[in-house]
**Q** 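Here it is: the structure, laid out below.
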Amino acid sequence: QVELVESGGGLVPPGGSLRLSCKASGSSFAAYSMGWFRQTPGNEREFVAAIKGWSSSTYYANSVKGRFTMSRDNAKNTVYLQMNSLQAEDTAVYYCAADRHLITSSLGLAPQYDYWGQGTQVTVSL
């Protein structure tokens, strides 16, 4: 069983930056593939970024490529999402997800993840 707790959301003006964190409980954190997804009211959860277990390989949605950077610190059981050049369209609830058995082609698929955090709100507005 893995518990995920996100933090770092908030209100930021367009062009600003935020860093989200997701801390995981449990052991063998390095083995887990981790993902960031976001969701707005009335819409499905959308893939943002992922990082494979036992790896530092990262994958991004086209909409955030070049602006967002995902990283992991296995010693702290934590993944991060550094978000730069934020736009109004980035406003959403951001969720952290984990799964131990994903293949690369499944990293962007929300239903493939077994564990989810409670979400953190990111609002980009003046």
Side-chain angles (χ1 to χ4, degrees):
Q1 187 74 14
V2 175
E3 292 188 2
L4 304 173
V5 179
E6 302 100 333
S7 61
L11 173 64
V12 62
S17 298
L18 279 177
R19 188 176 82 155
L20 305 183
S21 300
C22 172
K23 186 168 178 62
S25 66
S27 59
S28 303
F29 174 75
Y32 283 81
S33 293
M34 304 295 295
W36 285 101
F37 291 78
R38 65 189 182 186
Q39 191 171 24
T40 53
N43 292 307
E44 292 185 356
R45 212 158 280 192
E46 174 191 25
F47 170 70
V48 175
I51 189 166
K52 275 203 81 175
W54 299 121
S55 171
S56 58
S57 297
T58 50
Y59 305 85
Y60 299 96
N62 287 336
S63 59
V64 307
K65 206 171 289 185
R67 300 188 298 122
F68 291 10
T69 302
M70 184 174 183
S71 60
R72 68 189 303 159
D73 184 338
N74 291 331
K76 295 182 178 179
N77 278 21
T78 301
V79 293
Y80 305 96
L81 185 68
Q82 177 66 43
M83 305 187 295
N84 299 328
S85 302
L86 283 162
Q87 305 164 0
E89 306 85 78
D90 297 315
T91 295
V93 178
Y94 282 71
Y95 295 91
C96 174
D99 196 277
R100 190 161 178 168
H101 304 292
L102 291 181
I103 59 176
T104 302
S105 59
S106 296
L107 289 173
L109 303 176
Q112 297 295 317
Y113 287 81
D114 281 343
Y115 303 104
W116 290 86
Q118 82 288 351
T120 185
Q121 176 71 46
V122 172
T123 302
V124 184
S125 179
L126 291 171

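Since this is a predicted model, take the numbers as computed values, not measurements. The analysis underlying the following values was restricted to heavy atoms, covering all of them including side chains, and did not include hydrogens, waters or symmetry mates.
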**Q** Which pair of heavy atoms, one from Ala30 and one from Asn74, lies closest together, and at what distance?
**A** CB-ND2, 3.5 Å
**Q** Please find the pair of heavy atoms, one from Ala31 and one from Arg100, that lie closest to each other, and give the distance.
**A** CB-NE, 3.7 Å
**Q** Could you tell me if Arg45 sits above the aromatic ring of Tyr95, with its cationic atom closer than 6.0 Å to the ring centre and no more than 45 degrees from the axis?
**A** yes
**Q** Could you tell me whether the side chains of Thr91 and Glu89 share a donor-acceptor contact shorter than 3.5 Å?
**A** no
**Q** Taking all non-hydrogen atoms of both residues, which atom of Asn77 and which atom of Ser25 are closest, and how far apart?
**A** ND2-C, 4.4 Å
**Q** For residues Ala49 and Met70, report the shortest heavy-atom separation together with the two atoms involved.
**A** C-SD, 3.7 Å
**Q** Consider ring pair (Phe, Tyr, Trp, His ring centres under 6.0 Å). Of Tyr32, Phe37, Phe47, which one does Tyr113 pass it with?
**A** Phe37
**Q** Please check if Leu107 and Ile51 belong to a single hydrophobic cluster, counting links between Ile, Leu, Val, Met, Phe, Trp and Tyr side chain heavy atoms closer than 4.5 Å.
**A** no
**Q** Compare every heavy atom of Leu18 with every heavy atom of Leu86, then report the nearest pair and how far apart it is.
**A** CD1-N, 3.8 Å
**Q** Check for a donor-acceptor pair, side chain of Arg19 on one end and backbone N or O of Gln82 on the other, with a separation under 3.5 Å.
**A** no
**Q** Could you state the interatomic distance from CE (Met83) to CG (Asp90), rounded to the nearest 0.5 Å?
**A** 7.5 Å
**Q** For Gln112, give me all partners under side chain to side chain donor-acceptor pair (under 3.5 Å), at least two apart in sequence or on another chain.
**A** none
**Q** Answer yes or no for Arg72 and Phe29: cation-pi contact, defined as NZ/CZ to six-membered ring centre under 6.0 Å and angle to ring axis within 45°.
**A** yes
**Q** Going by distance alone, is a donor N or O of one side chain under 3.5 Å from an acceptor N or O of the other, for Thr78 and Asp73?
**A** no
**Q** To the nearest 0.5 Å, what is the distance between CH2 on Trp36 and SG on Cys22?
**A** 5.0 Å
**Q** To the nearest 0.5 Å, what is the distance between CG on Asp114 and OG on Ser33?
**A** 11.5 Å
**Q** Are Trp116 and Val122 co-members of a hydrophobic cluster defined by side-chain heavy atoms under 4.5 Å apart?
**A** no
**Q** Could you grab the distance from atom CG of Leu102 to atom CE of Met34, nearest 0.5 Å is fine?
**A** 11.0 Å
**Q** Give a yes-or-no answer on whether the side chains of Arg38 and Tyr94 include a donor-acceptor pair shorter than 3.5 Å.
**A** yes
**Q** Which distance, rounded to the nearest 0.5 Å, do you find between the OG1 of Thr40 and the CD of Glu46?
**A** 7.5 Å
**Q** Looking at every non-hydrogen atom in both residues, tell me the closest pair between Gln39 and Ala92 and how far apart they are.
**A** O-CB, 3.5 Å
**Q** Decide if atom CD of Glu3 counts as having more than 12 heavy atoms of other residues, nucleotides or ligands within a radius under 6.0 Å.
**A** no
